[in-house]
Student: 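Before we start, here is the structure in question, set down as structure tokens.
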Amino acid sequence: MAEWKNQLYFGDNLYILREHVLDESVDLIYLDPPFNSRANYNVLFTEHGGEQSAAQITAFEDTWHWGEESEHAYHALMTDSPERLSKLIEALRTFFGQSDMMAYLTMMAQRLVELHRVLKPTGTLYLHCDPTASHYLKMILDAIFGAANFRNEIIWQRSAPKGHAFTRFASAHDVLLAYGKSDVVTWNPLYTPYKESYVHSHYNQVEPETGRRFQLDNCLNPNPDRPNLTYEWHGHLRVWRWTREKMQQLDQAGRLVYTKNGMPRYKRYLDEMPGSPITSVWTDIPPINSQAQERLGYPTQKPEALLERIIQASSNAGDVILDPFCGCGTAISVAERLHRRWIGIDITHLAISLMRHRLQQAFGSDLASYEVIGDPKDLEGAKALALEDRYQFQFWALGLVDARPAQDKKKGADGGIDGYINFFEDNTNVSKKIIIQVKSGHVNVGMIRDLKGTIDREKAAIGAFITLELPTKPMLNEALAAGFYSPELLNTQFAKIQVLSIEGLLTGRQRLEYPHYGIATFKKAPRQSKQPKASQTTLPF
């Protein structure tokens, strides 16, 4: 059997699920699909004509529009999906028409069908959404998983409420819909520590010899029809909670305390109790605030504590976790820490780059082996990506030098800057900047002159020119004429303009040269220690 490698896929998750993920191979699925919940609520219900663009997801932008792709998806669901689902989708189409909401639900239905297929019979799916669409998604999940396999609607209270406080109650929660593949799924009960007020009110007695808190509990059985547990104990004929032999053992161990009339009470110690069972309302996990150490700057990033709770409750060490809308990789990072295997999928190269950095910074040499699938590995693959989507090519190329995109959107003038790197040349807190230009088409010497002007304007230390085409000799000469950047405290020089070909970067013949005392381009993920492996057991539910 081949050694398992964790997998990070670039591409449309519908295609990747169909072509790369086997039937019943995943133990737990968490998905936080993109949804523009900040948009005007009514916009999602407005009908659009066929001229609208297809549903798309770009970096830092969540958009779903009815168009040709949505129409194809709808007809595929009508012809290929189970009858229960196709009837539901048809009814929703009658209700919503060609609206953005219908585009969203159609695209989600296709993916949820595939996620149901890849889930093991003992597996669970958690769908993270907001109240705008949670009720419609629940109907779709009922149609795919079966209403009997609905397990929980979890309310996660975010401490930062959204607006509208003057017109209605402020929105402050997200919804997680949990469904099992069957009625027997992996389940590990989780608990939170008792509140201090509960401890003082319910465990208000302290054992003088040990200092242990305890309470005296009832020894009677709530079920009166138990002949095998009906016997006389210390002159009292009752239906007891335990057998006579067990009562004898508890008595000898000093766990029974007798009242004045001889009735036994069970001494229950606080330190033997697991805590309060976690309910379906989660108020104890705050969102990621601007000062949080784990904050990476990704707009939809969820706290690791949220994913840790889900993964610990519904999987065990060695299980396979799948996140088909990976974003900045919180689910796979937590899975790595908790010794789970994982599969992550995202449609933007920016997200893939963020995840690679996060994993390396968090785990270093402790990082389990993984492979990135779907990104270009050679020059021909790079050319194909450039022809398919020049913006994704740009994100990918920036990732080759660990640079961050200069823009979040696919529109607007870039000012001659496609990406940047912030670095420290010494142990001061003053950062220097490298600006990056990426070219997927024809290049000429004038572009190098323009880059030199941009470097001067931005007061950057270095400029990098990444090109898919091989640079011309005049371009290389113009770059050389720009001179060198010489850090004050380092006895070395770095070319002021560095021309890097995609081929050179892929083969390792070229790299971006600059001081590597410290890099501040990406918010650094905190170093993580993996959980001890033998810390969890599986309980069937």
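Note that these values count all heavy atoms, side chains included, but never hydrogens, waters or copies made by symmetry. Keep in mind the model is a prediction, meaning the values are calculated, not measured. The first residue of the sequence shown is numbered 1, and numbering continues consecutively from there.
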Student: Determine whether L115 and L17 make a side-chain contact, defined as any pair of heavy atoms from C-beta on separated by less than 4.5 Å.
Tutor: yes
Student: Roughly how far, to the nearest 0.5 Å, is the CZ atom of R337 from the CG atom of D366?
Tutor: 13.0 Å
Student: For N149, enumerate each residue passing the side-chain hydrogen bond (donor to acceptor under 3.5 Å, both in side chains) test, keeping only those at least two apart in sequence or located in another chain.
Tutor: none
Student: Counting only heavy atoms not in N223, do more than 12 sit closer than 6.0 Å to its CG atom?
Tutor: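 Yes, enclosed.
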Student: Fit a plane to each ring of Y15 and H20, take the angle between them on a 0 to 90° scale, and name the class: parallel (under 30°), tilted (30 to 60°) or perpendicular (over 60°).
Tutor: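 The arrangement is perpendicular - the two ring planes meet at more than 60°.
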Student: Test F96 against W66 for side chain to side chain contact (heavy atoms under 4.5 Å, CB included), laying out the working first.
Tutor: CA-CA 11 Å; F96 286 120; W66 189 271; over 6 Å; no
Student: Are the side chain of D27 and the backbone of V320 linked by a donor-acceptor contact shorter than 3.5 Å?
Tutor: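 Indeed, once roles are kept as given, a pair shorter than 3.5 Å links the two residues.
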Student: Quick check: are there more than 12 heavy atoms from other residues, nucleotides or ligands sitting under 6.0 Å from NZ of K377?
Tutor: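 Yes, the 6.0 Å shell around NZ holds more than 12 heavy atoms from other groups.
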Student: How long is the gap from CG on L92 to CE on M139, to the nearest 0.5 Å?
Tutor: 5.5 Å
Student: If you count every heavy atom of other residues, nucleotides or ligands that lies below 6.0 Å from E196 atom CD, does the total exceed 12?
Tutor: no
Student: Return the set of residues passing ring pair (Phe, Tyr, Trp, His ring centres under 6.0 Å) with Y370 (not counting sequence neighbours), or none when no residue passes.
Tutor: W342
Student: Between E458 and K433 (salt bridge meaning N to carboxylate O under 4.0 Å), is one present in this structure?
Tutor: yes
Student: For the atom pair OH (Y191) and CE (M273), what is the distance rounded to the nearest 0.5 Å?
Tutor: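 Here the rounded value is 8.5 Å.
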Student: Could you tell me whether a side-chain N or O of D323 sits under 3.5 Å from a main-chain N or O of A331, the two making a donor and an acceptor?
Tutor: no
Student: Check for a donor-acceptor pair, side chain of N188 on one end and backbone N or O of Q312 on the other, with a separation under 3.5 Å.
Tutor: yes
Student: Can you tell me if D130 uses its side chain to pair, donor with acceptor, with the backbone of T132 under 3.5 Å?
Tutor: yes
Student: Quick one: list whatever passes ring pair (Phe, Tyr, Trp, His ring centres under 6.0 Å) with Y198, sequence neighbours left out.
Tutor: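 So Y198 forms a ring pair (Phe, Tyr, Trp, His ring centres under 6.0 Å) with Y194, H202.
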Student: How many angstroms lie between atom CD of E19 and atom CG of D12, to the nearest 0.5 angstrom?
Tutor: 11.5 Å
Student: Okay, side chain of K439, backbone of L468: is any donor-acceptor separation there less than 3.5 Å?
Tutor: no
Student: Donor-acceptor check, side chain of R341 to backbone of G318, threshold 3.5 angstrom: yes or no?
Tutor: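 Pair found, side chain donor or acceptor close to backbone of G318.
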Student: For K87, enumerate each residue passing the salt bridge (charged side-chain N to carboxylate O under 4.0 Å, His left out) test, keeping only those at least two apart in sequence or located in another chain.
Tutor: E83
Student: With E90, which residues qualify under salt bridge (charged side-chain N to carboxylate O under 4.0 Å, His left out), at least two apart?
Tutor: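 So E90 forms no salt bridge (charged side-chain N to carboxylate O under 4.0 Å, His left out) with any residue.
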Student: Give a yes or no answer on whether the side chain of Q437 reaches the backbone of G416 with a donor-acceptor pair at less than 3.5 Å.
Tutor: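 Yes; at least one donor-acceptor contact below 3.5 Å.
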Student: Which atom names give the shortest non-hydrogen contact between F325 and D32, and what distance separates them?
Tutor: CB-O, 3.8 Å
Student: Which residues pass the ring pair (Phe, Tyr, Trp, His ring centres under 6.0 Å) test with W156, sequence neighbours left out?
Tutor: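 Applying ring pair (Phe, Tyr, Trp, His ring centres under 6.0 Å) to W156 gives H128.
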Student: Between K5 and S369, which heavy-atom pair has the shortest distance, and what is it?
Tutor: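 Answer, listing the atom of K5 first, then S369: CG-OG, 3.6 Å.
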Student: State whether a side-chain donor-acceptor pair under 3.5 Å links R390 with S440.
Tutor: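 Not at all, the side chains of R390 and S440 share no donor-acceptor pair under 3.5 Å.
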Student: Looking at L112 and F145, what are the two nearest heavy atoms and their distance?
Tutor: O-CE1, 4.4 Å
Student: Please tell me whether Y179 and D142 have a donor and an acceptor in their side chains that are separated by less than 3.5 angstrom.
Tutor: yes
Student: Could you walk me through whether S333 and E336 pass the side chain to side chain contact (heavy atoms under 4.5 Å, CB included) check?
Tutor: CA-CA 5 Å; S333 179; E336 177 77 16; 5.7 Å; no
Student: If I compare all heavy atoms of A109 with all of I89, which pair ends up nearest, and what's the gap?
Tutor: CB-CD1, 3.9 Å
Student: Do you know the tightest heavy-atom contact between L398 and G419?
Tutor: CD2-CA, 3.8 Å
Student: Can you spot which of R158, R309, E304 makes a side-chain contact (heavy atoms from CB on, under 4.5 Å) with I285?
Tutor: R309
Student: I would like to know whether I434 and V401 meet side chain to side chain contact (heavy atoms under 4.5 Å, CB included); could you show each step before the answer?
Tutor: CA-CA 11 Å; I434 300 173; V401 294; over 6 Å; no
Student: Atom CZ of R117 and atom CD1 of I144: how far apart are they, to the nearest 0.5 Å?
Tutor: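 Reported value, rounded in 0.5 Å steps: 12.5 Å.
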Student: Check step by step if side chain to side chain contact (heavy atoms under 4.5 Å, CB included) holds for S314 and V185.
Tutor: CA-CA 8 Å; S314 295; V185 301; over 6 Å; no
Student: Looking at every heavy atom in both F393 and A382, which two are closest together, and how far apart are they?
Tutor: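 For F393 versus A382, the nearest heavy atoms are CD1-O, 3.6 Å.
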Student: Examine distances only and state if a side-chain atom of T106 and a backbone atom of M102 form a donor-acceptor pair shorter than 3.5 Å.
Tutor: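 The answer is yes, because a donor-acceptor pair under 3.5 Å joins these two groups.
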Student: Can a donor-acceptor pair be found between the side chains of R358 and T330 at a distance below 3.5 Å?
Tutor: yes
Student: Measure the CZ-CZ distance between R111 and R18 for me, rounded to the nearest 0.5 Å.
Tutor: 8.0 Å
